[in-house]
Amino acid sequence: MRIGSVAAQAEVNVQTVRLYERLGLLKKPGRRASGYREYTDDAVMSIRFVKQAKGLGFTLTEIKSLLDMREDGAHTIADMRAVARARLRAIDEKIRQLQSMREAIHHGLSSCNCPEQFPACVFVKLFDGSKSKESRESGVE
C-alpha cells in the first residue's frame, strides 16, 4: 500500500508517516519498480501503536525502545514493564509539579486583598524576580 493509504488508515498525515520512518518507528518499506514506497498492513498497526503510546505520555524515544524490544525478541516482560514504570514515575513527578504550581497560584489568589484591579500580590514575586534579574544585568540594584 502507498504512503497516502497508510496515512489515511492510521489517521495521520503523510509527513507523520515519513517522520516515523526516519526515526525508526516504522520499518523501511520496500520499493515498487516505479520507486514508490510499498508499505505493509504492519505499518498501520505500528503507527496506531505509536499514537496510543503517545496518548499515554510515552516519548518517541521510549516508544522506539518498546518497538525495538518487540522487534528484537530478546526482551522480557520485565524490560517492558521497566519502561512503563519509568514513564509512570515521570507522570507522577509532573503531577506533583503541576499541583505545586496550582497551590501556589491558588494561595496567591485566595490571600489577595489588593484594592487595585491587578492582583499584584499574586504576581509580585514574579515581577520582583524579573526586576532583580534586570537590575543585576544592568548593574543597578
Side-chain angles (χ1 to χ4, degrees), residues 1-32 34-141:
M1 122 182 47
R2 290 185 36 194
I3 195 167
S5 296
V6 170
Q9 287 183 34
E11 298 178 346
V12 297
N13 61 46
V14 171
Q15 290 79 12
T16 300
V17 177
R18 289 185 181 128
L19 173 66
Y20 289 176
E21 187 180 327
R22 275 194 313 275
L23 295 175
L25 297 168
L26 288 178
K27 293 179 189 174
K28 294 276 184 197
R31 296 266 182 182
R32 293 181 177 182
S34 62
Y36 287 109
R37 294 176 177 100
E38 182 67 26
Y39 293 90
T40 64
D41 291 337
D42 190 48
V44 175
M45 292 185 332
S46 292
I47 293 168
R48 288 180 179 160
F49 172 80
V50 171
K51 285 176 55 176
Q52 289 174 340
K54 281 178 59 180
L56 292 174
F58 286 91
T59 66
L60 291 179
T61 302
E62 291 166 334
I63 295 167
K64 174 140 178 36
S65 175
L66 290 169
L67 289 170
D68 288 346
M69 285 181 199
R70 177 179 166 228
E71 184 68 26
D72 294 343
H75 67 280
T76 64
I77 194 69
D79 296 331
M80 296 184 96
R81 286 177 180 249
V83 174
R85 282 190 187 101
R87 174 57 22 213
L88 191 57
R89 283 191 301 274
I91 290 169
D92 287 341
E93 178 57 29
K94 186 66 171 177
I95 289 170
R96 278 190 290 278
Q97 290 172 354
L98 290 170
Q99 286 174 331
S100 177
M101 292 162 54
R102 185 191 185 287
E103 288 168 12
I105 292 170
H106 178 72
H107 175 72
L109 287 172
S110 62
S111 64
C112 179
N113 294 316
C114 298
E116 62 220 45
Q117 215 170 1
F118 187 76
C121 59
V122 176
F123 301 100
V124 72
K125 287 186 179 180
L126 292 174
F127 290 122
D128 284 349
S130 62
K131 284 181 186 176
S132 297
K133 183 180 177 185
E134 290 170 6
S135 297
R136 284 192 301 267
E137 288 174 357
S138 66
V140 178
E141 293 221 35

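Computed from a prediction, not measured in an experiment: that's the story for all the values here.
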With the side chain counted from C-beta on, respond yes when [X] and [Y] share a heavy-atom pair under 4.5 Å apart, and no when they do not.
{"X": "L67", "Y": "K64", "value": "no"}
{"X": "T76", "Y": "R81", "value": "no"}
{"X": "L19", "Y": "T16", "value": "no"}
{"X": "E103", "Y": "H106", "value": "no"}
{"X": "V17", "Y": "R37", "value": "no"}
{"X": "I47", "Y": "K51", "value": "yes"}

Is it the case that the side chain of [X] and the backbone of [Y] share a donor-acceptor pair, with hydrogens and angles ignored and the cut-off at 3.5 Å?
{"X": "R48", "Y": "E11", "value": "no"}
{"X": "K54", "Y": "I63", "value": "no"}
{"X": "R87", "Y": "G57", "value": "yes"}

Please report the interatomic distance [atom1]([X]) to [atom2]([Y]), rounded to the nearest 0.5 Å.
{"X": "S46", "Y": "E71", "atom1": "OG", "atom2": "CD", "answer": "8.5 Å"}
{"X": "L25", "Y": "F49", "atom1": "CG", "atom2": "CZ", "answer": "9.5 Å"}
{"X": "Q97", "Y": "Q99", "atom1": "CD", "atom2": "CD", "answer": "11.0 Å"}

(request) State, to 0.1 Å, how close R2 and Y39 come at their nearest heavy-atom pair, and which atoms those are. (result) C-CD1, 4.1 Å
(message) On a heavy-atom basis, which atom in L26 and which in A43 lie closest, and how many Å separate them?
(response) CD2-O, 3.6 Å
(message) Do D68 and S65 pair up side chain to side chain, a donor and an acceptor below 3.5 Å, judged on atom types alone?
(response) no
Does atom [atom1] of [X] have more than 12 heavy-atom neighbours, drawn from other residues, nucleotides or ligands, at distances under 6.0 Å?
{"X": "R32", "atom1": "CZ", "value": "yes"}
{"X": "E38", "atom1": "CD", "value": "yes"}
{"X": "D92", "atom1": "CG", "value": "yes"}

(request) For the pair R18 and E21, evaluate salt bridge (charged side-chain N to carboxylate O under 4.0 Å, His left out) and give the outcome as yes or no after the intermediate values. (result) CA-CA 5 Å; R18 289 185 181 128; E21 187 180 327; over 6 Å; no
(request) Please lay out, stage by stage, how L60 and V50 fare under the test side-chain contact (heavy atoms from CB on, under 4.5 Å). (result) CA-CA 8 Å; L60 291 179; V50 171; 4.1 Å; yes
